[in-house]
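The structure appears below as structure tokens.
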Amino acid sequence: MALANDYESFKKDVYALTKIDLSAYKEKQMKRRIDTLISKNGIKTYPEYVQLLKKDNEKFEQFVNFLTINVSEFYRNPDQWKLLDKDIIPKLIEKFGKNLKIWSAACSTGDEPYSLVMALSRHLPLNQIKIIATDIDKQVIEKAKVGLYTEKAISAVPDDLKKKYFTKIGPSYQISEDIKKRVEFKEHNLLKDPYVNGVHMIVCRNVVIYFTEEAKDVIYEKFNKSLVKGGYLFIGSTEQIINYKELGYAREHSFFFRKD
């Protein structure tokens with residue numbers, strides 16, 4: 001279905017409505033995804049779709065959910081989590097003590113912040129663990145707070161932790177309240193909202209790949225300012241920071257960068 005070619009105006013309308021800046025995303029990829037969604041809704045033009053978003057809350061939520069690409073699972077790339085457990089967490093505790101401030105940025109449905117709590121629970125008592133978890137999408141935050149997951153989503157969780165912190169409910173698995181209590185969820189837009197300060201570790205994985213190179217640099221710079229000296233940034237296996245030195249990082253392992 002051919003759509004009106006006024007994508008620039010559409011980007012401005014979307015920003016006014018959602019505060020999501022589509023200019024920061026890779027355009028070809030994002031435009032193709034949006035055009036598909038608009039067609040699915042039986043609409044032919046961007047202005048028509050904007051009107052629908054303004055008057056239909058359900059379609060608005062669907063659009064935000066669609067824009068914020070939510071692919072998540074617990075202990076994604078298990079080898080990196082082993083490295084976190086054996087090397088990074090002990091270093092953090094040794095350097096900064098037991099009251100660590102950790103930020104899970106673009107946390108999606110909660111798999112990552114809850115994984116962090118479980119990983120830290122091998123080193124610290126649960127009541128000393130606190131994770132700040134943020135995402136742009138209100139719906140996924142609500143889903144994260146419920147804490148119900150598929151068998152596939154939790155398949156990489158170490159068996160002892162799975163046994164300890166999950167309860168099977170029908171085909172799904174419910175994460176325990178003890179883990180939930182350690183995470184504080186907030187809405188946050190990486191491209192426009194103020195960043196958390198004085199952080200010992202930031203975990204932001206497999207999200208920044210959707211942004212332009214300029215937007216990536218801005219985000220990594222802001223992360224650097226958020227971190228205390230010697231703090232860590234943990235990124236995803238689909239990502240790399242080529243210019244990490246210019247951005248103020250030292251590379252400790254493939255996906256772990258230390259603020260110099």
Side-chain angles (χ1 to χ4, degrees), residues 14-15 17-22 24-26 29-30 33-34 36-37 40-41 53 56-77 81 102-119 130-157 165-166 169-177 179-196 199 201-211 215 219 222-223 234-239:
V14 167
Y15 186 75
L17 279 173
T18 66
K19 294 294 175 277
I20 295 171
D21 183 4
L22 292 177
Y25 290 80
K26 293 173 182 167
Q29 197 177 343
M30 187 52 91
R33 293 183 77 241
I34 290 169
T36 305
L37 177 66
K40 273 184 188 164
N41 278 291
L53 297 180
D56 187 329
N57 199 43
E58 206 175 299
K59 295 293 181 192
F60 178 81
E61 295 286 354
Q62 177 199 47
F63 179 61
V64 174
N65 211 1
F66 185 80
L67 283 187
T68 54
I69 302 128
N70 297 305
V71 180
S72 196
E73 59 195 50
F74 283 78
Y75 279 75
R76 191 172 182 180
N77 314 112
W81 287 86
I102 295 173
W103 176 18
S104 172
C107 67
S108 188
T109 48
D111 315 42
E112 192 173 85
Y114 291 146
S115 294
L116 283 167
V117 177
M118 289 190 285
K130 187 190 167 198
I131 309 290
I132 299 156
T134 63
D135 201 276
I136 196 171
D137 187 342
K138 192 164 56 190
Q139 279 185 310
V140 297
I141 288 177
E142 289 313 311
K143 198 174 171 192
K145 286 177 179 173
V146 172
L148 210 55
Y149 298 95
T150 63
E151 190 167 0
K152 184 182 180 295
I154 70 162
S155 61
V157 176
Y165 294 122
F166 287 93
I169 298 174
S172 303
Y173 289 81
Q174 172 79 57
I175 196 153
S176 88
E177 286 300 317
I179 297 292
K180 274 200 217 175
K181 276 185 216 157
R182 308 326 310 165
V183 181
E184 182 189 355
F185 289 100
K186 296 175 184 177
E187 274 184 73
H188 181 270
N189 181 334
L190 282 171
L191 296 169
K192 80 168 196 55
D193 291 335
Y195 278 35
V196 184
V199 183
M201 181 166 70
I202 296 169
V203 181
C204 185
R205 309 180 71 228
N206 310 305
V207 173
V208 178
I209 43 165
Y210 299 106
F211 294 124
I219 290 169
K222 285 185 176 177
F223 279 157
F234 177 17
I235 65 168
S237 56
T238 54
E239 294 157 338

Side chain to side chain contact (heavy atoms under 4.5 Å, CB included) between V14 and F63, intermediate numbers included: CA-CA 10 Å; V14 167; F63 179 61; 3.9 Å; yes
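- With values rounded to the nearest 0.5 angstrom, E177 atom CD is found 12.0 Å from R182 atom CZ.
- Counting heavy atoms from C-beta on, the side chains of L116 and V203 come closer than 4.5 Å.
- Annotation: side chain of I34 is in contact with side chain of L22 (closest heavy-atom distance under 4.5 Å).
- In this structure, Y114 has its ring center at least 6.0 angstrom away from the ring center of Y173.
- Between the side chain of S115 and the backbone N or O of Y75, at least one donor-acceptor pair lies under 3.5 Å.
- Considering CD1 of I132 and CD1 of I102, their distance stands at 9.5 Å, rounded to 0.5 Å.
- If you check the side chains of T134 and W103, you find a donor sitting under 3.5 Å from an acceptor.
- Under the 4.5 Å side-chain criterion, counting only non-hydrogen atoms from C-beta, I141 is not in contact with K186.
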Worked verdict on Y195 versus I219 for side chain to side chain contact (heavy atoms under 4.5 Å, CB included): CA-CA 10 Å; Y195 278 35; I219 290 169; 3.7 Å; yes
Check against salt bridge (Lys or Arg N to Asp or Glu O under 4.0 Å), E184 and K130: CA-CA 8 Å; E184 182 189 355; K130 187 190 167 198; 3.2 Å; yes
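- Atoms CZ and OG, on R205 and S108 in that order, are 12.5 Å from each other to the nearest 0.5 Å.
- With hydrogens and angles ignored, the 3.5 Å screen pairs a side-chain donor or acceptor of E239 with a backbone N or O of V207.
- Closest non-hydrogen pair, T109 versus K143, comes out as CG2-CD, 3.8 Å.
- Counting non-hydrogen atoms of other residues, nucleotides and ligands closer than 6.0 Å to NZ of K138 gives a total of 12 or fewer.
- When every heavy atom of P113 is checked against every heavy atom of V183, the shortest pair comes out as CB-CG1, 3.9 Å.
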L190 vs K222, side chain to side chain contact (heavy atoms under 4.5 Å, CB included): CA-CA, chis, key distance, verdict: CA-CA 9 Å; L190 282 171; K222 285 185 176 177; over 6 Å; no
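- Separating the NZ atom in K145 from the CD1 atom in I175 is a distance of 15.5 Å, to the nearest 0.5 Å.
- Ring geometry for Y149 versus F166: interplanar angle over 60°, hence perpendicular rather than tilted (30 to 60°).
- Residues L17 and L53 have side chains in contact (heavy-atom distance under 4.5 Å, counting atoms from C-beta outward).
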Verdict with supporting geometry, I235 and F223, side chain to side chain contact (heavy atoms under 4.5 Å, CB included): CA-CA 11 Å; I235 65 168; F223 279 157; over 6 Å; no
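- Using a 4.5 Å cut-off on side-chain heavy atoms (C-beta onward), N206 and R76 make contact.
- Closest approach of E112 and S104 over heavy atoms only: OE1-OG, 3.1 Å.
- Considering all non-hydrogen atoms of both residues, D111 and E73 come closest at OD2-CA, 3.2 Å.
- With values rounded to the nearest 0.5 angstrom, K59 atom NZ is found 8.0 Å from L37 atom CG.
- For the atom pair CD (E187) and CG (D135), the distance works out to 9.0 Å, reported to the nearest 0.5 Å.
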Residues W81, F234; criterion ring pair (Phe, Tyr, Trp, His ring centres under 6.0 Å); working and verdict: CA-CA 10 Å; W81 287 86; F234 177 17; 5.7 Å; yes
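- In this structure, H188 contributes its side chain and A133 its backbone to no donor-acceptor pair below 3.5 Å.
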